[in-house]
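Before any comments, here is the structure.
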Number of protein chains: 2
Amino acid sequence: MATISKENYLKAIYLLTRENGNRISTSVLANDLCVTNAAISDMANKLSKQGFVEYKKYKGIKILSKGKKIAVDILRKHRIWELFLVETLGYDWGDVHLEAEKLEHCTTNNLIDRIDEYLNFPAADPHGAPIPNKEGNYRIQTDDTIMSECEIGKNYTVTRVNDRNSDLMNYLSQIKISLNKEIKIIDKLNFDNSIIVEIDGINHSLSEILVNNIYLKESKK
Amino acid sequence: MATISKENYLKAIYLLTRENGNRISTSVLANDLCVTNAAISDMANKLSKQGFVEYKKYKGIKILSKGKKIAVDILRKHRIWELFLVETLGYDWGDVHLEAEKLEHCTTNNLIDRIDEYLNFPAADPHGAPIPNKEGNYRIQTDDTIMSECEIGKNYTVTRVNDRNSDLMNYLSQIKISLNKEIKIIDKLNFDNSIIVEIDGINHSLSEILVNNIYLKESKK
DNA sequence: TAGTAAAGTTAAGCATACTTAAATTATTTA
DNA sequence: TAAATAATTTAAGTATGCTTAACTTTACTA
Ligand SMILES: [Mn+2]
Ligand SMILES: [Mn+2]
Ligand SMILES: [Mn+2]
Ligand SMILES: [Mn+2]
């Protein structure tokens, strides 16, 4: 059985794998989960024994299909809860992540399927992240670029934001950045990696942290 | 801080206190929580050190206001979740208790207050149990009698059922017993403590277990 | 390529929440 | 009231999931 801790480890390994490649190092995972390397080594052995991951000493952790299944299951619960909180209960998009972090572990498949149906089988969560369906398949293909790598002079649409920093998201709301918003890259400043963007005709300077947490897609028009 | 285990202990102590009187014995609590007496003694010491209960060796456990506060808080969450599952997601009343047992521990006060508002501040859960408000006060007075103590020939209304046995509740649905249903006590059989009742013009024999899990109020008409 | 720094693992220990088995206290009952 | 029985507590041990400190392996650098 996967405990709450194991569910969180598998979810983190799965998500980091998509960002950082095939094998995840102990310290990357330790940093992500805010625990010591020792805790990771310990848990990696347990997850490996249960067939959730492949773990070779000093060579990092690789998620296996059995572990991926649990990770996607938790991700589905997390994202559906986030959308439910925003859509049905009127939460701000910056306030849902922590609630979902807790709810995802005490939600049966039956319950999440009913909420999924209640929300009419949504494709994405309030931050633009894709929601896996009952079978674990994503309903939309995400095809976007991190803002830091976008090009000067082009117009983009906001497709996704990282949802872990509540303050960051509140700030985005304040300067009117939301999902599907049209923005234009005005300039990129190399000395501090900030980017000047135009939003609703107003120029804003976005810090390095900000541009590394926003994903865009080039506008068609 | 109160862990999930402590929340469950305090909730059980609180509810048993209302049934069994002021002090709860170790074995009554052990039976209710399906753990050994040793586990109860152990936890009773911890809860006592934290000021949630008063515990005197061999003399049982008494809940204190600090513990009662947590118990009522969890009860509020439990009952609001149960109602939400039935009202909003279309669950049967027999299928909500176990879901709520899990959800109640991972629900912030903010979240439950929003669901409470979404449900328009309900007074009772799907089984007729009163829902405490934000301040911990009950919105209705429960004034009912256990069916086993009702009188032959009188008409009653169903006010409440115990919600722990899913099969029992499914059976009640089957014979059309639901909240606010009008029923008449036809006969009480002393040899097996069963009761014959009339429901929708049809007579049913209800076993001892059943009549100890249904609460009634005498009809006015 | 040896030496050092960084990364990762192992060992020992702690808190929580249980268990079984032994010891103790309380309650019956003869 | 003394022995038997029942209820309860204490002791010792287990699993989980962490910690710090010590040790080992790998990577980098001169
Ligand atoms: Mn999230
Ligand atoms: Mn999200
Ligand atoms: Mn219940
Ligand atoms: Mn109930």
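All values below were derived from every heavy atom in this structure, side-chain atoms included, with hydrogens, water molecules and symmetry-related copies excluded. Sequence lines set the chain letters: A, B, ... in the order given, protein chains first and strands last, and positions in each chain run from 1.
In this structure, NZ of B:K56 is placed 24 Å from P of C:dT24, rounded to the nearest angstrom. The distance between atom CE of A:M43 and atom P of C:dT10, rounded to the nearest whole Å, is 16 Å. At whole-Å resolution of the value, CG in B:N45 and P in D:dA11 are 11 Å apart. When rounded to the nearest whole Å, the span between CG of B:L29 and P of D:dT9 equals 11 Å. The interatomic distance linking A:I40 (CD1) with D:dT19 (C1') rounds to 13 Å, in whole Å. Look at CG on A:L10: it is 15 Å from C1' on D:dG17, rounded to the nearest Å. Spacing between atom CG of B:L47 and atom P of C:dC18 amounts to 11 Å, rounded to whole angstrom units. Whole-Å rounding puts the B:N37 CG to C:dA22 C1' distance at 15 Å.
Exactly one residue among B:R76, B:K134, B:K77 makes a side-chain hydrogen bond (donor to acceptor under 3.5 Å, both in side chains) with B:N109. That residue is B:K77.
Closest approach of B:S194 to B:S207, counting heavy atoms only: CB-CA, 4.1 Å.
Comparing A:K57 and A:V35, the nucleotide of DNA chain D nearest to each residue sits closer to the 5' end for A:V35. Along DNA chain D, the nucleotide nearest B:D42 and the nucleotide nearest A:Y9 are compared for position; the residue whose nucleotide lies closer to the 5' end is B:D42.
To the nearest 0.5 Å, atom CD of residue A:E82 and atom CD of residue A:E101 are 8.0 Å apart.
Not one side-chain nitrogen or oxygen of A:K59 sits closer than 4.0 Å to the OP1 or OP2 atom of D:dT25. The side chain of A:T3 contributes an N or O atom lying less than 4.0 Å from OP1 or OP2 of D:dG17. Between A:T26 and C:dT9, a side-chain N or O to OP1/OP2 separation shorter than 4.0 Å is present. Of the side-chain N and O atoms in A:Y55, one or more sit less than 4.0 angstrom from OP1 or OP2 of C:dT9. The side chain of A:S5 places an N or O atom within less than 4.0 Å of a non-bridging phosphate oxygen (OP1 or OP2) of D:dC18.
Here C:dA21 is the nucleotide among C:dA26, C:dA21, C:dT9 with the atom lying nearest to any side-chain atom of B:A38. Proximity note for A:S41 (side chain, C-beta onward) versus C:dA17, C:dT25, C:dT9: the nearest is C:dT9. The side chain of A:A39 lies closest to D:dC18 when the candidates are D:dC18, D:dT9, C:dT19. Listed nucleotides: C:dT10, C:dA17, C:dT9. Nearest to the side chain of B:K46: C:dA17. With C:dT10, C:dT24, C:dT19 as the candidates, the nucleotide lying closest to the side chain of B:T36 is C:dT19.
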- Is there a side chain to side chain contact (heavy atoms under 4.5 Å, CB included) between B:L10 and B:V53 once you walk through the steps? CA-CA 8 Å; B:L10 290 171; B:V53 302; 3.9 Å; yes
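Ring pair A:W93/A:H127 is parallel by interplanar angle, where below 30° counts as parallel and above 60° as perpendicular.
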